[in-house]
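Here is the structure we will look at.
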Amino acid sequence: MYRTHLCGELRASHAGQTVTLAGWVNRRRDHGGVAFFDLRDRAGIVQVTINPDLPTEMLDLVADVRNEWVLQIEGVAQKRPEGMENPKMETGEVEVIARNVIVLNPSRTPPFMVNTDNDLPDENMRLKYRYIDLRRERLTRNMVLRHKIVKYMRDYLDEKGFIEIETPIMFKATPEGARDYLVPSRIYPGQFYALPQSPQQLKQLLMVAGMDRYFQIARCFRDEDLRGDRQPEFTQLDLEMSFVQRDDVLDLVEGLFTAMLPEVAPHKKLFSSPWPKFSYKEVLERFGTDKPDLRFGMELIDVTDILAKSEFKVFQSALEAGGVIKCIVAPKSAEMSRKELDALTEVAKSFGAKGMPYLAVTAEGVKGSAAKFFKEEELAALKEKTGTGVGDLIVFASDARAIANKTLGGLRLWFRDKLDLADKNMMAFAWVVDFPFFAFNEETQTWESEHHPFTMPKMEDLPKFDTDPGAVLSDAYDMVCNGYETASGSIRIHRRDIQMKMFQLLGLSDEDIQKKFGHMLEAFEYGAPPHGGMAPGIDRLVMLLADEPNIREVIAFPKNQNGRDVMADAPSEVEPKQLKELHIKFS
RNA sequence: GGUCUCGUGGUGUAGCGGCCUAACAUGCGGCCCUGUCAAGGCCGAGAUCGCGGGUUCGAAUCCCGUCGGGACCGCCA
C-alpha cells in the first residue's frame, strides 16, 4: 500500500495518526537542521517536517531531494505548534513529522515551475510539457470541476429519463457545414469516413428508433480555424428529446443549469431566474450581437430620428444609403486620450465600420471629431434619449443596420473589458429564439439556410417560403452566457416532404440529396416522431465557471491555435507503407 | 486568406543604434543556517538576443524576408 491518506485531505483532526503519503515535492525549505517539504497530490498540499533526529543515511537522502521528485512519506500527523499555522493552506493547521522517506522516483529539473502561477511560461512550453503543467493547482482544479459538471449532467439527465448512448466517431462526410476531418478507408480505395461535426443525424435517428430521450457527452470535430474559445475537437452535452416543443427543451436545459450552478460553482451568481428570453431581432438591436453579455448595460440606442437632418456628411451618406445611426454611451470615458480613441477606431474598423465618430460630454461642453456638426437641439435630444451626463463618451456607428449593430456590439465589449463593467461571478444565462430561417448572402445574391438543414421552420411561416424568405423564422434557439454562445438547438424536421424541400432550397440536386441524405429521408418514412434537442458546449461552460480566459485551460490536452499538438508533435508525417495501404499518393 | 502583436540564459521579463564584455527576478550548483511556508544569507555557472539577408564605422536595437507563438476579422450548415 503506497498511502493511507491524501496530502490535501489532512486536517487538525488527523493529529496523532500515523499516516503514509505519496506525492510530488511542491517546494522544499531546508533550514540546515529542520527541513520542510510541501508534498502535493491531486487533493492538495501538506507540509512534511524533516527533523534532524532521523538516521544520517535518511538525512543524506533527503538533502538530495528536489522539486517534483516523487516521494513516499511515512510519519505522524501532528497539530502544528502554536503560532506556526499557515492560514493560507487548507492543511495549514497540520503537518506530518516524517519517520521514513522513500524516493519513488527522482525528477529532472522541470522546464518551468508548477508551484506558482505568477509569470506563466509561454503557452507552447506549457503545452509541450502538458503532463507537468497539469500538476498546477489551477489546472488540476479545472479538471476536477469539469468532472463534477459532467457527472452532474449525467445524474440529472438520468433522473429525467434520459439514457446515454454512444454514436460513432467514424461517420459520413457532411460538407454542407464546417469542413470535415476525413479518415481514408483502407478497404475501399478512394472512400472516406468523416469525423462528426456533431452527432446530429445519429441522434435524430435514435429518436426515430424510439429512444425517446437521449444524451451523450459527445466529442465533435470541425476543421476550421481556431480561436480562444474554439478547438478542432470539442465536447458537447448532446441531447435530443421526442414529442417535445421548443419550450420543453428550453425548460429542461434551464432546469439542469440552474440546479447545477450552486452544486458545482457555489460562488457564482445566477443573473436571472427564469432566464431572460430574447428574439434574435431584439438582441441584435439592443446588444449588436446574437450572443449578448447581459452583465452590464451600455445598450445600443437608435438615434436615426434625432440625427435625420444632421449636417454631418458621414451621417448623411449613411442615411442616404438606407442605413441607420446608432450609438452607445460609455460611462466616465470623456477624458480618453487621443491615442486610445485612435486605437478604438481601429477596433471599430475591424468590425466593418468606416470610422468612429464620437462625442465627449465634458463640463465645458461637447468635444470630439464630429462635435461642430451637431446643432444645439440635436445635442439636447441626444442627451435626453441616451441619458448621457458629464464625463460620458458617446460613440456612433452610422452604416447599414447590420454593420452598425456589429460595430457597436464589438465596442460595447471593448468597454466592458476596459472599464471592468462585468461582474466576474455573475452567470448571465439567456435564451435567444426566433432566428431567421434564411440569411441573404450579399456575395452570391441568394438566400441561404442559416442553420443545419434539419432545422424546422415555424409552421405558420411555411407559406412565406417562396414569397418572403427573409421573414421566415425557424424553431431554433441558442443558450448564451456572458457573451458566449453556450448551446444551440432546434426543433427538427421529422417529415420527409419538408426535409426534401429543405434540401432542394439549399440547392442540392435530387441525386446529391439521395447520395448524402438518403438514409435520413428514408428513416422519416418509417414513423419519425416529432423531436428536438440541444447541445450545450462543455468546454466553454467549464471555462466560464473556472474563470479561465480560454478553453485550452479546461481541456487536458488541447491543440494550439494552429491546430498542433505540440506535446506529441501532431499532425505528423506517416510511414510510406501506411499511405500505400490507404491508397494515398502526394503529387 | 487578412489585420495587429510578440520571439533576449532553464523559465519570466528589462534593454529598443555605441555606455551590452547584455541587466533583473526566479530556477540551477555550492557553502552557511533548527520552525519555515514565494524561507533567509553568501558565492558561482548559465544567453553570440528565433533564423537569413540588408542599412551603418558600429545592430539585441533600424529595414526586408522567413519560421514560430498569441489576439482578432473571415470561416465555424
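Quick note: numbers below take in every heavy atom, side chains included, and nothing from hydrogens, waters or symmetry partners. Here the structure is a predicted model, which means the values were calculated and not measured.
- Of all non-hydrogen atoms in A:V283 and A:P292, the two that sit nearest each other are CG2-CG, 3.3 Å.
- For the pair A:R230 and A:E85, nearest-nucleotide mapping onto RNA chain B gives the more 5' position to A:E85.
- Computed from coordinates, the A:Y484 OH to B:rC72 P distance equals 8 Å when rounded to whole Å.
- When Watson-Crick and G-U wobble pairs are counted only if both distances are under 3.5 Å, B:rC4 pairs with B:rG70.
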With side chain to side chain donor-acceptor pair (under 3.5 Å) as the criterion, how do A:H451 and A:S474 come out once you've worked through the C-alpha distance, each side chain's angles and the decisive distance to 0.1 Å? CA-CA 9 Å; A:H451 312 281; A:S474 65; 3.1 Å; yes

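- Note on A:N560: a side-chain N or O is less than 4.0 Å away from OP1 or OP2 of B:rG69.
- For A:E82 and B:rG35, a side-chain-to-base donor-acceptor distance below 3.5 Å is absent, hydrogens and geometry of angles not being considered.
- Judged as a salt bridge (Lys or Arg N to Asp or Glu O under 4.0 Å), and not counting sequence neighbours, A:K281 has no contacts.
- Computed from coordinates, the A:Q561 CD to B:rC4 C1' distance equals 12 Å when rounded to whole Å.
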With sugar-phosphate taken as primed atoms, P, OP1 and OP2 and all else as base, the protein-contact string of nucleotides 9-14 of chain B at under 4.0 Å (heavy atoms; B, S, -) is -SSS--

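- Scored by the side chain to side chain donor-acceptor pair (under 3.5 Å) test, A:R222 finds no partners at all (sequence neighbours excluded).
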One pair to check against side-chain contact (heavy atoms from CB on, under 4.5 Å): A:M534 and A:Q236. What are the steps and the verdict? CA-CA 9 Å; A:M534 174 141 234; A:Q236 292 187 334; over 6 Å; no

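- The side-chain tip of A:R540 does not point at the ring of A:F234 from less than 6.0 angstrom away and within 45° of straight on.
- For the C1' atom pair drawn from B:rA60 and B:rG17, the interatomic distance equals 11 Å after rounding to whole Å.
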Please write out each protein N/O paired with an N/O of nucleotides 22-25 of chain B under 3.5 Å, distance rounded to 0.1 Å.
none

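- Under the side chain to side chain donor-acceptor pair (under 3.5 Å) criterion, A:R227 pairs with no residue at all, not counting sequence neighbours.
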Determine all donor-acceptor pairs shorter than 3.5 Å in which one atom belongs to a side chain in residues 44-51 of chain A; sequence neighbours excluded.
{"from": "A:Q47", "atom 1": "OE1", "to": "A:R29", "atom 2": "NH2", "distance (Å)": "2.8"}
{"from": "A:Q47", "atom 1": "NE2", "to": "A:E95", "atom 2": "OE1", "distance (Å)": "3.2"}
{"from": "A:T49", "atom 1": "OG1", "to": "A:E95", "atom 2": "OE1", "distance (Å)": "2.7"}

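- The base of B:rU36 sits within donor-acceptor range of the side chain of A:Q47, with an N or O pair under 3.5 Å.
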Protein N or O to nucleotides 38-41 of chain B N or O, pairs below 3.5 Å:
{"from": "B:rA38", "atom 1": "O3'", "to": "A:R27", "atom 2": "NH1", "distance (Å)": "3.2"}
{"from": "B:rA39", "atom 1": "OP1", "to": "A:R27", "atom 2": "NH1", "distance (Å)": "3.3"}
{"from": "B:rA39", "atom 1": "OP2", "to": "A:R27", "atom 2": "NE", "distance (Å)": "3.0"}
{"from": "B:rA39", "atom 1": "OP2", "to": "A:R29", "atom 2": "NH1", "distance (Å)": "3.4"}
{"from": "B:rA39", "atom 1": "N6", "to": "A:D30", "atom 2": "O", "distance (Å)": "3.0"}

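- Taking side-chain N and O atoms only, A:K406 has a distance below 4.0 Å to OP1 or OP2 of B:rG74.
- Within 4.0 Å (heavy atoms only), A:G410 reaches no atom of the nucleic acid at all.
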Could I get a table of every N or O pair under 3.5 Å where one atom is in the protein and the other is in nucleotides 42-47 of chain B?
none

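- Judged by distance alone with a 3.5 Å cut-off, no donor-acceptor contact links the side chain of A:R222 to the base of B:rC76.
- With distances taken from any side-chain atom of A:R66 to the nucleotides B:rC28, B:rU36, B:rG74, the minimum falls on B:rC28.
- The ring-ring contact (aromatic ring centres under 6.0 Å, His included) check on A:W69 picks up nothing, with sequence neighbours excluded.
- A:Y129 and A:Y131 have perpendicular rings, their planes meeting at more than 60° on a 0 to 90° scale where under 30° would count as parallel.
- When each of B:rG35, B:rC28, B:rA77 is scored by its nearest atom to the side-chain atoms of A:N67, the top-ranked nucleotide is B:rC28.
- For A:R230, there are no side chain to side chain donor-acceptor pair (under 3.5 Å) partners, not counting sequence neighbours.
- As a whole-Å value, the separation of A:D417 CG from B:rA71 C1' is 12 Å.
- Residue A:Q197 has no polar side-chain atom (N or O) positioned under 4.0 Å from OP1 or OP2 of B:rA77.
- Rounded to a whole Å, the CG atom of A:D229 is 7 Å from the P atom of B:rC72.
- With sequence neighbours excluded, the residues forming a side chain to side chain donor-acceptor pair (under 3.5 Å) with A:H5 are A:Q17, listed by chain and number.
- The ring-ring contact (aromatic ring centres under 6.0 Å, His included) test applied to A:F437 returns A:F465, not counting sequence neighbours.
- Residue contacts shown for A:N562 are limited to sugar-phosphate atoms, with no base heavy atom under 4.0 Å away.
- In the set B:rC75, B:rA71, B:rA77, the nucleotide with an atom closest to the side chain of A:S198 is B:rA77.
- Contact check, A:R227 against B:rG70: no side-chain N or O comes under 4.0 Å of OP1 or OP2.
- In this structure, B:rG10 forms a base pair with B:rU26, meeting either the Watson-Crick or the G-U wobble geometry with both donor-acceptor distances under 3.5 Å.
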